[in-house]
Amino acid sequence: MEIKDTRSGFGDGLTELGRKNKNILALCADLTGSLKMNDFKNENPDRFFQVGIAEANMMGIAAGMTIGGKIPFTGTFANFSTSRVYDQIRQSIAYSNKNVKICASHAGVTLGEDGATHQVLEDIGMMKMLPNMIVINPCDYNQTKLATIAIAEHIGPVYLRFGRPKVPNFTSLEQNFEIGKGIKINDGNHVTIIATGHLVWESIKASKKLKELNISSDIINIHTIKPLDEEIIINSIKKTKCVVTAEEHMINGGLGDSVAQLLSRKIPTPLEMVGVNDTFGESGTPMQLLEKYGLNDKAIVNAVKKVISRK
Amino acid sequence: MNNINELNQIATQVRRDILRMVHANNSGHPGGSLGCTEFFTALYFNILNHNKNFDMDGINEDIFFLSNGHISPVYYSVLARCGYFKISELSTFRKLNSRLQGHPTTHEGLEGIRISTGSLGQGLSVAIGSAITKKLNNDESLVYSLHGDGELQEGQIWEALMYASGNKIDNIISTIDYNKKQIDGDIDDVLPLGNLKEKLISFGWQVLEERKGNKISNVIEILNQAKKMTKKGKPIAIILHTEMGNGVDFMMGTHKWHGVAPNDEQLKIALEQNPETLGDY
């Protein structure tokens, strides 16, 4: 299995977009290398804007650039793409409905050694609450590349969240990536696992362990958290009658929270949520942190056992 | 290109609109609106090359951004009086289901508005972004913005000031409504700006100062002077000295009318000081 970082998927997707569409602009707040934006910058020096360590200004400039037909992509860490500039995004981008693509790397605990100041675990919640905002959290390099290309076609604000570490690149570039459409990656009967971002791979690993326990899993790769693909979720639940969600994000406000709302409204079903439970992260290697904060295949297996017992 | 007499008549009517709009729902910001009436009148009726058939992209026309969105009454009045939308719509200001929200927004599709403002400090960044796009599009027209002086206390403004000069954004003219007052009192008592002109110069801007910002001819002159300074490698700021509440004697010389509506009796007195010229909405 090829190992690649999702942020490189963003960088390569952006470079490809830059070649096809001259209206694509890129802005970065002093993290060009980390965001893998150097190829775009080198190929399109006139369409790349270094704004310095001034994220609020970056969001405002991006909003203004849309007036006249440009499609700006902002790049910085997820923490500085959201919580640091929430009001700028809320007023100048979301409420103003500007065609800005907020591209956010180093999301979650897998940012690693830099620690909790940089490990945003609340961003999905903040961004999904904003009207007009699309929220996407792809799972590997290929999917991040496809998502980057797809969001340029969507007119309106988008939050695209990806990560730092190299992870298995298991999806195909031929996959049908469509904003708001989940992708079924495994068919099973006993439980539905709905996962996003890095936790999709952990779900696949978990499903193999569950198979040894004679538990078969329906796995949904839900790259788009808003709008949520209700149909794919409900169809699966009708069959399995129980659900586990898995995300590298706070349980409060994350994917699990969105799924819980859907279930409560339309199809009450036992649900367990794998995510960070109301705590900050800390320094460590990505793998150590996934283990410590219960964000891996082991945690998913335990959640599945628990939810099945509640059926 | 109206003459000064005509522009003064427009400004008087705009002041009436502001007072009546704010009075009608007992909320809004008359002080700063009245203080900027001459600026808006000069800008929209004399300076801007703009298309009243509104198009969001504003290609090949001058674009204006109001960063201190709370002075929406003057903005709405001038846009309506220019022909962006019907004057009668001014009566809906701040009411339920209105396109004339308390603070300007693109959300309701009101012609003339290109960004939502209200939460302060954001408009300069947006104006710079728009100015960059004009350059990319080889669009020779200009970007204008207006900012409150109190608004300059927001940190984002200084990020934007630094960016604009560092990147030679020279197709932008940003005016600062320098009335030296904010909600809680005099700026010098709340959080002093210090030597504003020197600060702006040290941030790399070309700075003009107009001490009679409530005299239309002076406003036109300073804006024309600013226009001539564009496309020379530096952004341009105008420090426009204004009087909050200008044109209504009891509203002048105090910060107290920043966000307070006149009552019936006060409205009557204020309107007597600003007789109808173009017809009330």
Side-chain angles (χ1 to χ4, degrees), chain A residues 18 21-30 44-74 76 80 84-102 130-133 155-157, chain B residues 54-65 67 69 101 103-110 113-139 141 143 145 154-167 169 171-172:
Chain A
N21 185 342
K22 299 299 173 200
N23 282 325
I24 303 288
L25 311 180
L27 301 88
C28 189
D30 198 32
N44 315 283
D46 296 341
R47 288 190 278 140
F48 177 82
F49 300 85
Q50 171 61 267
V51 298
I53 311 165
E55 295 83 5
N57 188 42
M58 177 167 74
M59 293 304 167
I61 288 178
M65 283 170 161
T66 65
I67 299 165
K70 300 301 176 192
I71 309 172
F73 282 60
T74 67
T76 183
F80 314 137
R84 181 159 188 106
V85 290
Y86 196 59
D87 188 45
Q88 283 76 18
I89 293 173
R90 180 177 178 274
Q91 176 173 281
S92 296
I93 297 175
Y95 186 41
S96 297
N97 203 15
K98 295 302 182 199
N99 195 19
V100 176
K101 316 303 169 187
I102 301 163
L130 292 171
N132 292 334
M133 187 67 68
I155 299 171
Chain B
F54 180 66
D55 173 66
M56 177 58 79
D57 283 335
I59 306 275
N60 294 326
E61 59 175 312
D62 294 333
I63 286 182
F64 169 73
F65 295 100
S67 190
Q101 291 289 296
H103 293 81
T105 178
T106 57
H107 192 258
E108 316 302 332
L110 186 67
I113 312 287
R114 290 192 168 88
I115 195 78
S116 305
T117 54
S119 176
L120 293 170
Q122 299 186 26
L124 184 56
S125 305
V126 174
I128 290 167
S130 165
I132 291 170
T133 287
K134 284 215 176 288
K135 281 173 177 267
L136 290 169
N137 288 340
N138 297 316
D139 178 342
S141 50
V143 174
S145 62
E154 292 282 4
Q156 187 183 345
I157 290 282
W158 300 90
E159 294 180 6
L161 288 168
M162 210 183 319
Y163 182 91
S165 58
N167 291 279
I169 311 300
N171 53 346
I172 186 169

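Quick caveat, the model's predicted, so the values are computed rather than measured. In the text below, chain A, chain B and the rest are named by the order of the sequence lines, each starting its count at 1.
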Next item on the list: Report the distance from atom OH of Tyr95(A) to atom CD of Gln101(B), rounding to the nearest 0.5 Å.
Entry: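 Going from OH on Tyr95(A) over to CD on Gln101(B), the span is 5.0 Å.
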
Note to self: For Ala56(A), which atoms come within 4.5 Å of any heavy atom of chain B: side chain, backbone, both, or neither?
What the structure shows: both

Checklist line | Region of Ile63(B) in contact with chain A, defined by heavy-atom distances below 4.5 Å | finding: side chain

Checklist line | Interchain contact, Ile115(B) with chain A, by part (heavy-atom threshold 4.5 Å) | finding: both

Looking at [options], which one has more heavy-atom pairs under 4.5 Å with chain B than the rest?
options                      : result
Ile93(A), Asp46(A), Val51(A) : Val51(A)
Gly69(A), Ala63(A), Ser96(A) : Ser96(A)
Gln50(A), Glu55(A), Lys70(A) : Lys70(A)
Ile53(A), Thr66(A), Ile67(A) : Ile67(A)

Check: Of all the residues in residues 22-30 of chain A, which have a heavy atom that comes within less than 4.5 Å of a heavy atom in chain B?
Finding: Leu25(A)

Next item on the list: Give the intermediate values and the outcome of side chain to side chain donor-acceptor pair (under 3.5 Å) for residues Gln122(B) and Asp87(A).
Entry: CA-CA 9 Å; Gln122(B) 299 186 26; Asp87(A) 188 45; 3.0 Å; yes

Check: Which one of Gly155(B), Ser119(B), Gly166(B), Ala160(B) has the most heavy-atom pairs closer than 4.5 Å to chain A?
Finding: Ser119(B)

Checklist line | Over 12 foreign heavy atoms within 6.0 Å of CZ, Arg47(A) | finding: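 Above 12, so yes.
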
Please table the atom pairs, donor to acceptor, closer than 3.5 Å between any side-chain atom in residues 123-133 of chain B and protein atoms at least two apart or in another chain.
residue	atom	partner	partner atom	Å
Ser125(B)	OG	Asn57(A)	OD1	2.7
Ser125(B)	OG	Gln156(B)	NE2	2.9
Thr133(B)	OG1	Met65(A)	O	2.7

Check: Do the side-chain N and O atoms of Gln91(A) and Ser116(B) include a donor-acceptor pair separated by under 3.5 angstrom?
Finding: no

